[in-house]
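A short write-up of the structure that comes next.
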Amino acid sequence: MGQMAQLLRDALKVFILFIGCTCLFYFGLRYMHTEYEQFHRYDPPQGPSVKVFETDDEGFIDRLNLFFRLGE
C-alpha cells in the first residue's frame, strides 16, 4: 500500500506540474497576442523609403518574351 500511495503522489506532482506549465504557456501566448494586436504592420513607412516595385506598361509580347527568357 505504501508503494501505491507513493506512485499516486508522484503522479499528482507530475499532473500539477503539467497544469502549471500549460497555464503559463497559455497566458504567455495571450499576453503576446494582446501585445502584437496593437501593432499595425501595414502602416505607410516612415522616413526616406524607396519604392521597390515599379510597373511599366509593357506589352503582352514583351512580358511573354521575358517569361520564356527567364524560364519561369
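Atom set for the values below is all heavy atoms of this structure, side chains included, hydrogens, waters and symmetry mates excluded. This chain uses plain numbering: 1 for the first residue, then up along the sequence.
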Between atom CZ of R9 and atom CE of M4, what is the distance when rounded to the nearest 0.5 Å?
13.0 Å
Distance col, row K13:NZ vs I16:CD1, nearest 0.5 angstrom, shows 9.5 Å
To the nearest 0.5 Å, how far apart are CD in Q6 and CD in Q3?
9.5 Å
Pairwise distance CG(L24) to CG(L29) - rounded to 0.5 angstrom
10.0 Å
Give, for atom CG of L12 and atom CG of L7, the distance between the pair rounded to the nearest 0.5 Å.
11.5 Å
Transitively linked via ILVMFWY side-chain contacts under 4.5 Å: F68 with I61?
yes
Indicate, with yes or no, if F67 and F60 share a hydrophobic cluster defined by side-chain heavy-atom contacts under 4.5 Å among Ile, Leu, Val, Met, Phe, Trp and Tyr.
yes
For the atom pair CG (N65) and CG (L70), what is the distance rounded to the nearest 0.5 Å?
9.0 Å
